[in-house]
Amino acid sequence: MALKRMDNVGIVVEDLEGTIEFFRELGLELEGQATIEGEWAGRVTGLGDQHVEIAMMRTPDGHSRLELSRFLRPSVVADHRNAPVNAFGYLRVMFTVDDINETLDRLRSRGAQLVGEVVDYEDVYRLCYIRGPEGLLIGLAQELG
């Protein structure tokens, strides 16, 4: 099975509306906003009880997205906003794949570890987060239906 595409990159922010406006000015389009909470969400992220406001921003060509998140619960635990460009890590990158189970099997052989659980979101996606090399957080999504 082949990797299909990179789905989005997640960025945690304090000022969601201001950040949306910044990226609009840059040229991204607001694709939609939502509040994410509930048992399924905490199972995917491994954070348990969570309440997050998100905004999905899309590049004009429709091929790339940023998921901006403002965590209301739980509290943010680290702040990397002032780190220089050569600082280690990032929040996560999400990739869409043909088959999550097959992909997990391949990546586990390279040291990947499942963070929470593989979870179905409605009848739209199967989702999971894994820790890859050096603990990097990577999301996997499989389109259903």
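Only a predicted model underlies this, so the values are computations on that prediction, with no experimental measurement involved.
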Criterion side-chain contact (heavy atoms from CB on, under 4.5 Å) on D49 and R73, from CA distance to verdict
CA-CA 7 Å; D49 183 31; R73 186 179 64 243; 2.8 Å; yes
Residues in side chain to side chain contact (heavy atoms under 4.5 Å, CB included) with F22, at least two apart?
none
With sequence neighbours excluded, residues passing salt bridge (charged side-chain N to carboxylate O under 4.0 Å, His left out) with E143:
K4, R5
Do any side-chain atoms of residues 114-127 form donor-acceptor pairs under 3.5 angstrom with protein atoms, and if so which ones, sequence neighbours left out?
| from | atom 1 | to | atom 2 | distance (Å) |
| --- | --- | --- | --- | --- |
| E117 | OE1 | R43 | NE | 3.3 |
| D120 | OD1 | R126 | NE | 3.0 |

Mind running side-chain contact (heavy atoms from CB on, under 4.5 Å) on L137 and R131 for me, showing each step along the way?
CA-CA 5 Å; L137 189 59; R131 288 279 175 194; 3.7 Å; yes
Just so I know, are the side chains of R24 and M57 near enough to count as touching, which here means a heavy-atom distance under 4.5 Å?
yes
Nearest heavy-atom pair of G27 and P60: which atoms, and what distance?
O-CG, 3.4 Å
What are the two closest heavy atoms between Q50 and A41, and how far apart are they?
NE2-CB, 3.4 Å
Are V9 and L30 connected in a single hydrophobic cluster, I mean Ile/Leu/Val/Met/Phe/Trp/Tyr linked by side-chain heavy atoms less than 4.5 Å apart?
yes
Give, for atom CG of L140 and atom CZ of F95, the distance between the pair rounded to the nearest 0.5 Å.
8.5 Å
In one Ile/Leu/Val/Met/Phe/Trp/Tyr side-chain cluster, 4.5 Å: L47, V76:
yes
Please list, chain by chain and in numerical order, all residues satisfying side-chain hydrogen bond (donor to acceptor under 3.5 Å, both in side chains) with E31, sequence neighbours excluded.
R58, R65
Quick one: does any side-chain atom of T59 pair with a main-chain N or O of S64 as donor and acceptor, under 3.5 Å?
yes
Would you say E29 has more than 12 foreign heavy atoms packed within less than 6.0 Å of its CD?
yes
If hydrophobic clusters are built from ILVMFWY residues whose side chains come within less than 4.5 Å, do V44 and L144 share one?
no
Do D15 and E17 have side chains that get closer than 4.5 Å, going by heavy atoms?
yes
Between OG1 on residue T103 and CD1 on residue I138, distance to nearest 0.5 Å
11.5 Å
Enter the distance from D7:CG to M56:CE here, rounded to the nearest 0.5 Å.
6.5 Å
Intermediate values then yes/no, side-chain contact (heavy atoms from CB on, under 4.5 Å), I11 and L66
CA-CA 7 Å; I11 302 171; L66 292 179; 4.0 Å; yes
In Å and rounded to the nearest 0.5 Å, what is the OG1 to CD distance from T35 to E53?
5.0 Å
Please round to the nearest 0.5 Å and tell me the distance separating atom CG of D98 and atom CG of L3.
8.5 Å
Under a 4.5 Å cut-off applied to non-hydrogen side-chain atoms, are L68 and F23 in contact?
yes
How long is the gap from CZ on R110 to CG on L107, to the nearest 0.5 Å?
9.0 Å
Verify the cluster assignment for F71 and I36: are they in a single hydrophobic cluster under the rule of side-chain heavy atoms below 4.5 Å apart?
yes
Once side-chain hydrogen bond (donor to acceptor under 3.5 Å, both in side chains) is applied, do any residues pair with Q142, and if so which ones, sequence neighbours excluded?
none
Taken in chain and number order and not counting sequence neighbours, the residues that satisfy salt bridge (charged side-chain N to carboxylate O under 4.0 Å, His left out) with R106 are E102
